[in-house]
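Below is one structure; the comments refer to it alone.
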Amino acid sequence: MGQIRIIRGDTVEVINGRDKGLRGEVLRMLPKDESIIVQSIAMRKKHQKQIQTGGRTMSPGIIQFESPIHISNVMLVCPKCDTATRVAFVRKEGERKRVCKKCQAEI
Ligand SMILES: [Zn+2]
């Protein structure tokens, strides 16, 4: 993945494809696939049969779930200037920090 520029809990904006322009919070990282799961992005529908799990019955119907989206299709949204931005990395007190290229805020 090279430099990890997006981490769980970040807000990202989709820059490509069907959900272009939508924003959501990163729920899960899938480093092997260079993909992430983003809340309410790339929603897919699945038909759920009635199943029994530990005495509970899950009712059948259509469930919606997020499918993975490749990290090249999203950009980090800077919480300070509220724009989808590229990030720079700076070293500060031995730690690597992400900085918004637009407003220079630490993210
Ligand atoms: Zn910014």
Side-chain angles (χ1 to χ4, degrees):
M1 203 187 275
Q3 283 189 316
I4 296 167
R5 52 195 176 89
I6 289 165
I7 54 174
R8 199 157 67 91
D10 280 344
T11 299
V12 293
E13 185 171 311
V14 182
I15 53 168
N16 263 317
R18 192 186 63 168
D19 289 333
K20 191 176 172 181
L22 295 181
R23 290 180 181 184
E25 187 190 326
V26 179
L27 299 178
R28 210 140 59 85
M29 311 289 298
L30 305 165
K32 257 193 269 173
D33 302 322
E34 301 192 344
S35 296
I36 54 177
I37 303 281
V38 185
Q39 191 167 39
S40 303
I41 301 292
M43 295 304 291
R44 279 166 60 181
K45 289 189 179 122
K46 194 163 90 174
H47 291 273
Q48 176 74 62
K49 289 190 196 119
Q50 185 168 308
I51 48 164
Q52 303 271 352
T53 41
R56 277 195 325 157
T57 304
M58 283 181 68
S59 47
I62 296 167
I63 54 163
Q64 286 201 313
F65 63 101
E66 287 95 353
S67 59
I69 179 166
H70 196 265
I71 54 157
S72 66
N73 290 327
V74 300
M75 272 179 100
L76 185 64
V77 173
C78 170
K80 280 267 164 57
C81 63
D82 195 42
T83 21
T85 182
R86 288 181 191 284
V87 291
F89 288 95
V90 292
R91 281 203 172 275
K92 230 181 204 179
E93 290 142 24
E95 274 185 79
R96 203 173 65 166
K97 307 240 173 174
R98 297 181 305 170
V99 172
C100 169
K101 280 199 174 173
K102 290 213 172 97
C103 72
Q104 313 301 321
E106 264 179 36
I107 301 172

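Atoms within a ligand are numbered from 1 in the order they appear, just like the ligands themselves.
- Counting only distance, with no hydrogens or angles, the side chain of Arg98 and the backbone of Arg5 share a donor-acceptor pair below 3.5 Å.
- In this structure, CG in Leu30 is found 9.0 Å from CD1 in Ile36, a value given to the nearest 0.5 Å.
- Between Glu106 and Lys92 a salt bridge is recorded (basic side-chain N to carboxylate O distance below 4.0 Å).
- Side-chain atoms of Glu13 never come within 3.5 Å of backbone atoms of Arg23 as a donor-acceptor pair (strictly under, hydrogens ignored).
- Within the 3.5 Å criterion, the main-chain N or O of Asn73 finds no donor-acceptor partner in the side chain of Lys20.
- Screening the protein for N, O or S atoms under 2.8 Å from the Zn ion (ligand 1) yields 4; no waters enter the count.
- Within the 3.5 Å criterion, the main-chain N or O of Val26 finds no donor-acceptor partner in the side chain of Asp10.
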